[in-house]
Number of protein chains: 2
Amino acid sequence: MTSTLGFALLGLLARQPRSGYDIAAQLERGVGPFWHARHSQIYPELARLQVDALVDFEVVEQHDRPAKKVYSITDAGRVALADWVVSPPGQAAIRSELTLRAYSIWLADPRRAAAMLREQERIHREQLAHYEGDRQRLERSPGLADPRTPEFATYATLRRGIGYESELAEWCAWLAAELEPAAEQIEP
Amino acid sequence: MTSTLGFALLGLLARQPRSGYDIAAQLERGVGPFWHARHSQIYPELARLQVDALVDFEVVEQHDRPAKKVYSITDAGRVALADWVVSPPGQAAIRSELTLRAYSIWLADPRRAAAMLREQERIHREQLAHYEGDRQRLERSPGLADPRTPEFATYATLRRGIGYESELAEWCAWLAAELEPAAEQIEP
DNA sequence: TCTCACATGTAACTAGTTACATGATTGC
DNA sequence: GCAATCATGTAACTAGTTACATGTGAGA
């Protein structure tokens, strides 16, 4: 009965052992980057995974910093993760506040709406540029040809990030462009 | 201090008055379709909106069916909604379980992973076909040229749905195609 | 009588966010 | 002494899901 968050943590630990703190640092930015969590959710979840014997940890003393618990995935954890990956997903709940706003955009001031969308377009193009940089770097890696490497899996999620952000940026641009003529009409 | 769900409800009521039951029917499918909710969340939220005077209701008796509360948006509600639409969105939390799975796909059986992805591709192409049908119908409507009509706003969310689903379906197809040669290698 | 669609609610739970709390060690 | 980073946790709250609960009226 592992939660999606649990599988997100297992997915990180399958690549390398880490502390809760390290996981939190990754997950506050996002994995893949299609999942995220705060440390307050991560620490209890790690404890649960350990009870279920899907992860294990050892306390690592450090000379220059406080001691930490370094978690590793167990064989049972790897099996559970590999199984979850191919299990039929229940239909995903899409939630996009931006698109929800668009549903009521007909009520709004077109100038302000267009400005908000242009800003969103900028943000998503920026994220896209960041991903494109990652992609350039990753495409030089040798593991990419083999879908049984973590590099390949990282590349797959990155492609999704690029597709997602570029579609979103294009939509923002399209919608802003639709609103801009109406905005001029009010205040010429 | 209205929640996102509250604005989703206001967005529906801004178009026409409805009962909680009607809203639930729409929101269990999804608005726009980028937001959804169950009736157990809708009824209390409508009550809150009414306390805040953003909506109002009247009990409508019916001869053939049980009586219902028909909610309408108030002027204050319309102002709050129009204001929210253009307010700067805090960065959206993307959560995609499918993409999270891809992050650990290197551990999975490529045959089963490819099959799962082909099935997802099929589901998203089906949804896409449905949206394309809606688009054909909507594009005949006259309101589309004016961004101050609800038809335009519906069209905008539909475009987003089409972009989203087609990007997702393409990505599923790409990833499945990458996995299929590896799948053949195991069991020739 | 029984099932189905309409109609409205509450209770119990899971997931996720924000805030609170503590302590080690380093560098200023 | 104080702020910053590393490190781990808990508490209180909000959002969302699943399950429970009740009642009307139509049609088989």
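All chains are named by letter (A, B, ...) in the order of the sequence lines, taking the proteins before the strands, and each is independently numbered beginning at 1. These numbers were taken from a predicted model, which means no experiment stands behind them.
- For the 3.5 Å distance criterion, the side chains of A:T2 and A:R48 fail to qualify, holding no donor opposite an acceptor.
- Residue B:S40 is in base contact, counting any heavy-atom pair closer than 4.0 Å across all strands shown.
- A:Q62 has a side-chain polar atom (N or O) that falls below the 4.0 Å cut-off from OP1 or OP2 of D:dA7.
- Rounded to an integer number of Å, the gap from A:L46 CG to D:dA7 C1' is 13 Å.
- Around atom CD of B:E139, more than 12 heavy atoms belonging to other residues, nucleotides or ligands sit under 6.0 Å away.
- In this model, the phosphate group of D:dG9 is approached by a side-chain N or O of A:K69 to a distance below 4.0 Å at OP1 or OP2.
- Note on B:A24: nothing from the nucleic acid sits closer than 4.0 angstrom, heavy atoms only.
- Cation-pi check for A:R160 over A:Y131 is not met; the charged atom does not lie both under 6.0 angstrom from the ring centroid and within 45 degrees of its normal.
- For B:R95 and C:dG16, the shortest distance from a side-chain N or O to OP1 or OP2 is below 4.0 Å.
- Here C:dT8 is the nucleotide among C:dT8, C:dA15, D:dA7 with the atom lying nearest to any side-chain atom of B:K68.
- The side-chain tip of A:R101 does not point at the ring of B:F7 from less than 6.0 angstrom away and within 45° of straight on.
- Rounded to an integer number of Å, the gap from OH of B:Y43 to C1' of C:dT8 is 5 Å.
- A residue-by-residue look at A:E45 and B:V70 shows that B:V70 has its nearest nucleotide of DNA chain C further toward the 5' end.
- How far CG of A:L13 is from OG1 of A:T74: 10.0 Å, rounded to the nearest 0.5 Å.
- A:Y71 places its OH atom 9 Å from the C1' atom of D:dT8, with the value rounded to the nearest Å.
- Taking atom NE2 of residue B:H36 and atom P of nucleotide D:dG16, one finds them 9 Å apart after rounding to whole Å.
- Note: B:M116 CE to B:D109 CG = 11.5 Å, rounded to the nearest 0.5 Å.
- Using a 4.0 Å heavy-atom cutoff across all strands shown, B:A93 reaches no nucleic acid atom at all.
- Protein atom CD of A:E58 is 13 Å distant from nucleotide atom P of D:dT8, rounded to whole Å.
- In this entry the distance linking NE2 of A:H63 with P of D:dA7 reads 12 Å, nearest Å.
- Residues from residues 13-21 of chain A that place a heavy atom under 4.0 Å from any atom of DNA chain D, listed by number: A:S19, A:G20, A:Y21.
- In this structure, the separation between CG on A:L81 and CD1 on A:I73 is 5.0 Å, given to the nearest 0.5 Å.
- Going from atom NE2 of A:H39 over to atom C1' of C:dG23 covers 13 Å, rounded to whole Å.
- Distance B:R65 CZ to C:dT8 C1': 15 Å, rounded to the nearest Å.
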